[in-house]
S.K.: 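Here you go, one structure.
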Amino acid sequence: MIVQVLNYIIYFMLFLQIAGIIFAVVIDPYINKKHRRVILINTLFTIILILQNYLETSFAEDLAMRNYRIITSVIGYSLRPFIIVMWIYLVRKNQKLIIAWSLALLNVLIHMTAFFSNICFTITKTNSFERGPLGYTCHVISFILMVYLFWLSADKYIDSASTRQQKNNEFTEFFANYRRGLEGFFPVWCIIMIILSVYFDSKIFAPRMPIAFLTAAIVSCNLFYYIWLHLGYVQEHEEDLEAKQRIQIMMSQIQPHFLYNTLSTIQALCMTEPEKAADISEKFGTYLRQNIDSLNQTDLIPFSKELEHTKVYADIEKVRFPSIEVNYNVKELGDGDFNIPALTIQPMVENAIRHGVRGKENGVIDVIVSKKPFGEKKKRFGEREEFYYEIIVKDNGKGFDTKELIDHEGQHIGIQNVRERIESMCGGTLSVNSKPGEGTTIYIRVPEDEVKII
């Protein structure tokens with residue numbers, strides 16, 4: 001009675017896992033339709049395999065069920081390579097699976113010989129299982145498919161890791177490597193479980209075992225492979241969001257009114273100052289090209305490059321608003337340079353012009369860069385002093401109430417966006433100090449260790 005209850009518990013736990021996989025796959029918003037279909041089909045194969053284990057155990061106890069046991073054995077040995085092929089289908093890129101499918105079908109044909117020959121296996125008149133010369137066909141073919149599966153999984157993992165490493169900065173590199181290591185363990189663990197289950201089946205096999213170790217391992221592998229793939233789907237989704245964000249950043253910087261006004265200015269200068277019109281046209285082209293280049297820019301860029309882009313934009317605006325003065329104080333850096341996210345300083349200067357000093361008789365914007373230590377503290381022996389870079393964008397314009405910054409985000413373009421990228425890409429901060437009628441000061445601080453000094 002106790003053994004029977006334990007058997008029911010085992011079946012119940014396996015079906016709980018299967019039900020969980022089915023539910024997760026059906027509601028998963030990231031998984032694509034093809035992979036969803038493959039996982040569900042593989043889950044169906046697994047359910048059949050569990051039922052096959054149950055029936056074969058029952059048939060093994062009754063001599064009259066010898067022929068039925070042959071049928072269930074053929075089904076069991078035939079299904080296992082197909083399950084592996086379905087896993088291969090999930091991790092493949094563009095590889096053709098003709099050889100994999102052919103091996104799985106060959107395995108079926110060889111095991112079907114049990115109906116009329118003992119070349120593969122047979123069920124004796126005493127209802128005992130005996131292997132023939134080709135009795136390990138399923139094992140050999142499954143091993144070949146597992147090696148191929150492991151190779152594809154490793155290839156997929158390495159490609160994914162390489163792509164993410166190119167996108168990660170030094171601040172997140174440790175955590176990214178740690179997470180990649182955990183993700184890469186999923187397919188490795190599946191291989192280990194399959195090998196161990198085959199070993200246990202060969203050493204601890206008993207006719208009354210409710211379910212084979214290999215079948216239980218296959219159920220768990222289905223779950224682990226789904227989790228592994230789901231992590232990949234989520235990563236792809238995050239990359240899509242980042243791409244859309246980059247497009248949004250660029251579009252927020254190339255406002256229609258700026259395009260129209262600049263083109264109108266160039267047109268007017270063509271009639272009065274052709275040389276100046278040519279100069280502004282060249283700068284305008286440089287400005288557009290640098291914004292478009294930022295679409296594909298996922299890494300940090302040198303501050304000097306961002307400053308150059310800012311100067312190009314400011315020079316264009318100063319043609320339309322001659323009363324504006326933009327000063328750059330970066331002498332404290334000397335010949336040094338450091339990295340920051342693309343489109344960090346230029347949007348802040350644009351905000352200062354559009355919502356601060358434009359229309360003011362003597363509008364002044366100061367861009368100040370300096371390197372400062374992290375406060376006064378005693379250093380232990382061998383410790384070096386830590387520094388950060390501070391970028392200040394200050395104007396004497398209209399100012400605004402910082403408590404309403406969220407509500408004004410549509411007007412003060414990009415402040416929140418730049419803050420998020422500063423925090424996530426280089427571990428820095430962005431703060432705003434502004435009062436109506438007194439101007440605005442924006443402070444951007446990035447730690448020296450996180451921005452990789454050039």
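This is a predicted model, so every value here is computed, not measured.
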S.K.: Please answer whether the main-chain N or O of Phe400 pairs with a side-chain N or O of Ser434 as donor and acceptor at a distance below 3.5 Å.
M.R.: yes

S.K.: Just wondering, are more than 12 heavy atoms of other shown residues or ligands nearer than 6.0 Å to CE in Met112?
M.R.: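 No, because the 6.0 Å sphere around CE of Met112 holds 12 heavy atoms or fewer from other groups.
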
S.K.: Identify the two heavy atoms, one from Val85 and one from Ala104, that lie closest to each other, and give their separation to 0.1 Å.
M.R.: CG2-CB, 4.2 Å

S.K.: So, do Val418 and Leu343 sit near enough that their side-chain heavy atoms are less than 4.5 Å apart?
M.R.: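 Val418 does not reach Leu343 side chain to side chain.
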
S.K.: side-chain hydrogen bond (donor to acceptor under 3.5 Å, both in side chains): which pairs involve residues 36-47, sequence neighbours left out?
M.R.: Asn42-Asn222, Thr46-Asn222

S.K.: Mind listing the side-chain donor-acceptor pairs of residues 15-26 below 3.5 Å, one per line with the distance, residues two or more places apart or on another chain?
M.R.:
none

S.K.: Taking CD1 in Ile27 as the centre, count heavy atoms belonging to other residues, nucleotides or ligands within less than 6.0 Å. Is the count above 12?
M.R.: yes

S.K.: May I ask you to decide if the ring planes of Trp228 and Tyr225 are parallel, tilted or perpendicular, using 30° and 60° as cut-offs?
M.R.: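 Perpendicular: the ring planes of Trp228 and Tyr225 meet at over 60°.
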
S.K.: Take Phe116 and Thr113 through the test side-chain contact (heavy atoms from CB on, under 4.5 Å) and record every step on the way to the result.
M.R.: CA-CA 6 Å; Phe116 55 83; Thr113 60; 4.0 Å; yes

S.K.: State which residues pass salt bridge (Lys or Arg N to Asp or Glu O under 4.0 Å) with Glu390; sequence neighbours excluded, sorted by chain then number.
M.R.: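 Only Lys372, Arg445 meet the salt bridge (Lys or Arg N to Asp or Glu O under 4.0 Å) criterion with Glu390.
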
S.K.: State the OG-CD1 distance between Ser431 and Ile392, to the nearest 0.5 angstrom.
M.R.: 9.0 Å

S.K.: Can you name the side-chain contact (heavy atoms from CB on, under 4.5 Å) partners of Asn118, sequence neighbours left out?
M.R.: Thr122

S.K.: Could you list the residues that satisfy side-chain contact (heavy atoms from CB on, under 4.5 Å) with Ser197, not counting sequence neighbours?
M.R.: Phe213, Leu214, Ala217

S.K.: Leu196: what forms a side-chain contact (heavy atoms from CB on, under 4.5 Å) with it, not counting sequence neighbours?
M.R.: Ile192, Phe200

S.K.: I need the Glu448 CD to Tyr388 OH distance, nearest 0.5 Å.
M.R.: 12.5 Å

S.K.: Between Lys283 and Val312, what is the shortest heavy-atom contact and its length?
M.R.: O-CG1, 3.1 Å

S.K.: Once rounded to the nearest 0.5 Å, what's the spacing between atom CG of Leu307 and atom OG1 of Thr344?
M.R.: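 Answer rounded to 0.5 Å: 12.0 Å.
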
S.K.: Is the shortest heavy-atom distance from the side chain of Phe82 to the side chain of Val108 under 4.5 Å?
M.R.: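 Yes, side chains in contact.
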
S.K.: Excluding sequence neighbours, so at least two apart, what forms ring pair (Phe, Tyr, Trp, His ring centres under 6.0 Å) with Tyr68?
M.R.: Phe59

S.K.: Any idea which heavy atoms bring Ser73 and Glu56 closest together, and the distance?
M.R.: OG-OE2, 2.9 Å

S.K.: Can you name the residues that form a side chain to side chain donor-acceptor pair (under 3.5 Å) with Ser78, not counting sequence neighbours?
M.R.: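 Here no residue qualifies.
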
S.K.: Evaluate side-chain contact (heavy atoms from CB on, under 4.5 Å) for Phe45 paired with Ile218, printing each intermediate quantity in order.
M.R.: CA-CA 10 Å; Phe45 285 168; Ile218 287 174; over 6 Å; no

S.K.: Any chance you could lay out the side-chain contact (heavy atoms from CB on, under 4.5 Å) test for Arg69 and Thr72, step after step, and finish with the verdict?
M.R.: CA-CA 5 Å; Arg69 190 180 177 192; Thr72 55; 4.3 Å; yes

S.K.: For Tyr30, enumerate each residue passing the ring pair (Phe, Tyr, Trp, His ring centres under 6.0 Å) test, keeping only those at least two apart in sequence or located in another chain.
M.R.: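 Tyr30 satisfies ring pair (Phe, Tyr, Trp, His ring centres under 6.0 Å) with His230, His237 once adjacent residues are dropped.
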
S.K.: Using every non-hydrogen atom in the two residues, find where Glu61 and Asn127 come nearest and quote the distance to one decimal.
M.R.: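 Answer, listing the atom of Glu61 first, then Asn127: N-ND2, 4.4 Å.
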
S.K.: Give the minimum heavy-atom separation between Glu306 and Gln346, together with the two atoms involved.
M.R.: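 It is OE2-N, 3.0 Å.
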
S.K.: Would you say the side chain of Val147 lies within less than 4.5 Å of the side chain of Phe143, judging by non-hydrogen atoms?
M.R.: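 Result yes, sub-4.5 Å side-chain heavy-atom pair found.
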
S.K.: State, yes or no, whether a side-chain contact exists between Tyr313 and Ile353 at a heavy-atom distance under 4.5 Å.
M.R.: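 The answer is yes, as the side chains (C-beta and beyond) meet within the 4.5 Å cut-off.
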
S.K.: Considering residues at least two apart in sequence or located in another chain, which fulfil the salt bridge (Lys or Arg N to Asp or Glu O under 4.0 Å) criterion with Lys394?
M.R.: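 Once residues adjacent in sequence are excluded, Lys394 has no partner under the salt bridge (Lys or Arg N to Asp or Glu O under 4.0 Å) criterion.
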
S.K.: Which distance, rounded to the nearest 0.5 Å, do you find between the CG of Leu105 and the CD1 of Ile141?
M.R.: 9.5 Å

S.K.: I'd like to check Val446 versus Phe303 (side-chain heavy atoms, cut-off strictly below 4.5 Å). Are they in contact?
M.R.: no

S.K.: Is Arg80 positioned over the aromatic face of Tyr77, cation under 6.0 angstrom from the ring centre and no more than 45 degrees off axis?
M.R.: yes

S.K.: Whether the side chain of Arg66 engages the backbone of Thr124 through a donor-acceptor N/O pair (distance < 3.5 Å, no angle test) should be reported.
M.R.: yes

S.K.: I need the Ile365 CD1 to Thr440 OG1 distance, nearest 0.5 Å.
M.R.: 10.0 Å

S.K.: Does any part of the side chain of Ile340, heavy atoms only, come nearer than 4.5 Å to the side chain of Ile345, both counted from C-beta?
M.R.: yes

S.K.: To the nearest 0.5 Å, what is the distance between CG on Leu223 and CD1 on Ile227?
M.R.: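 Those atoms lie 4.0 Å apart.
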
S.K.: Is the shortest side-chain heavy-atom distance between Met348 and Ile415 below 4.5 Å?
M.R.: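 Met348 reaches Ile415 side chain to side chain.
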
S.K.: Going through the distances and angles, do Tyr443 and Leu430 end up as a side-chain contact (heavy atoms from CB on, under 4.5 Å)?
M.R.: CA-CA 6 Å; Tyr443 300 91; Leu430 184 150; over 6 Å; no

S.K.: Should we say atom CZ of Phe115 is surrounded by more than 12 heavy atoms from elsewhere, each under 6.0 Å from it?
M.R.: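 Yes, the 6.0 Å shell around CZ holds more than 12 heavy atoms from other groups.
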
S.K.: Counting only heavy atoms not in Leu44, do more than 12 fall under 6.0 Å of its CG?
M.R.: yes

S.K.: Tyr389 vs Phe338 aromatic rings, parallel, tilted or perpendicular, using cut-offs 30° and 60°?
M.R.: parallel

S.K.: List in chain and number order the residues that pass side-chain contact (heavy atoms from CB on, under 4.5 Å) with Ser142, two or more places apart in sequence or in another chain; answer none if no residue qualifies.
M.R.: Pro81, Ile84, Cys138

S.K.: Applying ring pair (Phe, Tyr, Trp, His ring centres under 6.0 Å), name anything that partners Phe150, two or more places apart in sequence or on another chain.
M.R.: none

S.K.: Is Cys221 close to Met193 at the side-chain level, that is, under 4.5 Å between some pair of heavy atoms?
M.R.: yes

S.K.: Can you name the closest pair of heavy atoms from His111 and Thr137 and give their distance?
M.R.: CE1-CB, 4.1 Å

